[in-house]
Amino acid sequence: MSILQILAPFDGWCSALDEVPDPVFAGRMLGDGLAIDPTSGILIAPCAGEIITLPASAHAVSIRTAEGIDVLIHVGIDTVQLGGRGFDAQVRPGAIVRAGDELIHFDLDIVARGAKSLMTPIVVTTMDGLSLRQVRSPGMVSAGEVLFEIAGIATAAGIKTSTQPPRAAAPPNETAVGQTLIVNLRQGLHARPAALLAQRAKSFRAQASLRAHGRSANARSVVAIMALGVRQGDELSIQASGTDAAQAVASLVAGIEEALRMESAAGHGAAASRKTAAAPLGSVELYSTPGPGVLAGVIAVPGVAVGRATRIERREIVVAENGAGLGRESAQLEQARVHVRARLERIAATGGATRREIIGAHLEFLDDPQVNEAATEFLVAGKSAGFAWRAAIRRSIGALQALEDLRLRERVDDLLDVESHVLLALAGEARPMNIPLPEQAVLVAEDLLPSELTALDGARLVAICLSGGGATSHVAILAAAMDIPMLVGLGAGIRDIANGATVIVDADAGTLQMAPTAAAIEQARAAVEARLMRRAKTQAEAQTECRALDGTRVEVFANLGNVIDAAAAVANGAEGCGLLRTEFLFIDRDTAPAEAEQLAAYQDIAAALGPRPLILRLMDVGGDKPLRYLPLPAEENPALGLRGVRTALARPDLLRTQLRAALRVQPAGKVRLLVPMITDVAEILAVRGVIDEIKAEIGIRDPIELGAMIETPAAALMASGLVREVDFLSIGSNDLTQYTLAMDRGHPELAGRTDALHPAVLKLVAAAASAGVAADKMVAVCGGVAADRLAVPILLGLGVRELSVVPAAVPAIKRQIRSLRINDCQELAMHCLGLASAGEVRASVAQTIGLWGDTR
Ligand code: PEP
Ligand code: MG
């Protein structure tokens, strides 16, 4: 084995390639190496060899060593655009140079002013079979010092000669249609990340595929991705071909990062609760050792419960094998899928974040190209719609069951769930909801599907015990979100439990006591009580207010859709509700909700929030949120039509009913009102007028806080006038991005580009925020960007002091804010406002917070 040393080509600050603000280099798509931010303008040869490429612009050079290893030095990022300005080549292509020979002179000032970054990658572009040993750690380095070493397999020439044909180092982006990475997701590419990737892949024209373990998968198919069996630490290669191939690859890589963020956000909640729950309960362990009358299982959700064994039976759905003609059967299957999709979407819209995510994965299964192609095959072969659907699903299940990875095998339940939804729809039925349970029910079953769990009366369910099942199945994730202790894999022994028998579930120790003594029951009940008290204390600690590193107060609120979300928000430490999407409370119905019904719903949420404020957004109807009971005239372009406050003012009856309900929520003053889709101050004045009338009608004297949503460029630009008429501003970045970039927020092919970090959107956020700051009024952000960790420092730097995010994201956002200094954020925000694209903003923030020491 021989070693080749690569020297620093100039003086400067050495750092890892990850710091380079260009995904091609940072992602090592051109090769591995290091980067230097130069402090001198003389580039010397990092090794001896032949100059292979040195373009006329002289911004980059590559050298091939005698051993056939190619080293590329690319001075700065995007310096090709300088067209040679500031660069002076000292050698020509073909020249033979020694290490240390001068290759290029460049003017640091000119290049720094004209380039995106001076950061210079020094990479080995022919790494085949070679390994790199980093010699320099980050810090100052002088020209000629050893940067890193290349170790190669010994050949006659000493170092393995590259098997690649001679090739010039290609400029970044032109060859960017593939990237290989290591998947760092704790649970590998399981259903949710797979769904996320498939969704992204579908928004590009390019044909994208994923390769791992020598197999390839269509990136649009969740099932195919999962069937790759990618686990943590596995190498995954993403490839795409077609016009937007590079964007597709970048988007898929970003999808994996997003999955990582989601995993850490979810892990924070789930893992933390697991830790708390896993704290030894001492006395409980004394009586829960496996033995006679005690079954041992796998802990899916920790906790302890005492309750009555309750069995539920699953009805087998029978389907005929033969169909009544291809046309008829395919139409029926399509109709059933449409019906199930609408139903799942409705359930998702009214459920908590976990439920929404899991249903999102089910929706992906419903539309999965591989499953649907298989179903078509069976239909063409003359089978009935039900038979074809079941056979297609079972084929995918077969592929999953063949995998070694237990977690992927557990996705079988989700496929079965989607299978049963469609089969029930074909039979003209729907799964019954709110199935009654006895008080303190311990559900005992062979297995359980996610939709079967959500159909049960959760308030009476204290534990779940399954003879089969998996610890990371979606039903277990749902149970964790509902905080219901759960044991799986208890085996056939649970058949011996009599319906109604009192049992003790010790899901900390992994045991189920089938016939406990009275003393054991009493002891277990005391343990449950102690646990509840401990949890109350933990939750109280999570309520501490949030301050940045320099002491600046920043409120972290949660966006809510219903009372379940409210409970999750409180548990996660949200300091209030920054956005109650009231339209979601009454979405799935044919009649408008009466005042009493609305009041009851708002009051429940207010009660769940305890002393925390509740910002209640007036119904945001129209556009992408139609209501069945409020048929709006057909519009050519609903996103630009009657929606938000426009609908409210056009239907004063609905507005008045909602306001009467909202203003009667107790305690008085808890509810603050937020008006959606504002474009000018007249709309605020009109709503304020109605509020004043209703206050007079119901005898309220105290002021009611009123806020305007900044969701249109008009509102952002007019914010200084608006803010005079309101008590606070809340920036709805989802719509603000849509209207600023003229890109439908739901458009699948534009999904990768509707980015709230586009500098145009940031400029509007800056305009609104500075108007709020000047008027000394609170400026909040309640759109999705508030939970984007690359956005948080920019938003704080622009003057935003309240972020409202999905409940599960609260802890992570609080943690991030506590690590930030507002002065640094201001500097970063100002810099980002001058950048040219959302990609540049993201790269710049990633690099900067990396330097600040953000370790997540
Ligand atoms: C927004 O537009 O950012 C917002 C918070 O409102 P919604 O997503 O409900 O339209
Ligand atoms: Mg909106």
Side-chain angles (χ1 to χ4, degrees), residues 186-187 190 266-267 269-312 405-407 409-410 412-413 440-450 453 461-498 501-517 519-532 534-535 538:
R186 246 178 300 142
Q187 300 183 2
H190 62 101
S273 69
R274 256 154 226 251
K275 245 193 212 146
T276 322
L281 279 170
S283 58
V284 176
E285 282 167 14
L286 291 177
Y287 57 72
S288 59
T289 320
V294 179
L295 295 177
V298 177
I299 301 167
V301 182
V304 178
V306 182
R308 288 163 61 191
T310 308
R311 295 182 174 282
I312 56 161
D405 190 328
L406 193 65
R407 292 175 201 285
R409 291 216 304 265
E410 285 168 359
V412 164
D413 278 359
Q440 308 282 307
V442 172
L443 186 82
V444 176
E446 303 289 310
D447 59 15
L448 188 69
L449 298 177
L453 173 56
L461 188 59
V462 295
I464 300 169
C465 295
L466 303 183
S467 58
T472 55
S473 61
H474 271 152
V475 77
I477 292 169
L478 267 180
M482 294 162 79
D483 210 9
I484 299 172
M486 177 170 174
L487 288 176
V488 297
L490 285 159
I494 67 168
R495 292 198 195 124
D496 300 337
I497 303 173
T502 299
V503 294
I504 298 175
V505 182
D506 182 352
D508 285 337
T511 57
L512 166 65
Q513 282 204 69
M514 299 190 285
T517 61
I521 292 173
E522 204 177 308
Q523 204 180 2
R525 287 208 167 112
V528 172
E529 197 61 29
R531 168 184 298 277
L532 288 177
R534 223 181 9 248
R535 180 175 318 142
T538 311

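We use all heavy atoms of the structure for the numbers below, so side chains are in, but hydrogens, waters and symmetry mates are not. Values in this document were obtained by computation on a predicted structure and should not be read as measured data.
- Under the side chain to side chain contact (heavy atoms under 4.5 Å, CB included) rule, V503 has a single partner from V444, L512, T310, which is L512.
- Shortest non-hydrogen contact noted between V505 and C465 is CG2-SG, 3.7 Å.
- For the pair A309 and A498, the tightest heavy-atom approach, listed with the atom from each and the gap, is CB-O, 3.7 Å.
- Proximity of L487 to I464: side-chain heavy atoms (C-beta onward) are nowhere separated by under 4.5 Å.
- Remark: side-chain polar atoms of R525 are not paired, donor with acceptor, to backbone N or O of A520 under 3.5 angstrom.
- The CG atom of L453 lies 8.0 Å from the CG atom of L443; values are rounded to the nearest 0.5 Å.
- Within the model, atoms CD1 of I504 and CD1 of I521 stand 5.5 Å from one another, a figure rounded to the nearest 0.5 Å.
- Proximity of a side-chain donor or acceptor of D508 to a complementary backbone N or O of G303 within less than 3.5 Å is detected.
- Distance check: R311 CZ to I497 CD1 gives 6.5 Å after rounding to the nearest 0.5 Å.
- For the pair L295/T511, no side-chain contact is recorded, criterion being any heavy-atom separation below 4.5 Å from C-beta on.
- V442 places a side-chain heavy atom less than 4.5 Å from the side chain of V462.
- Taking both residues in full, the closest heavy atoms of V488 and A300 are given as CG1-CB, 4.0 Å, listed atom of the first, atom of the second, then distance.
- The two residues M486 and A479 have their closest heavy-atom pair at SD-CB, 3.8 Å.
- Partners of S467 under the side chain to side chain donor-acceptor pair (under 3.5 Å) rule, at least two apart in sequence or in another chain, are E446.
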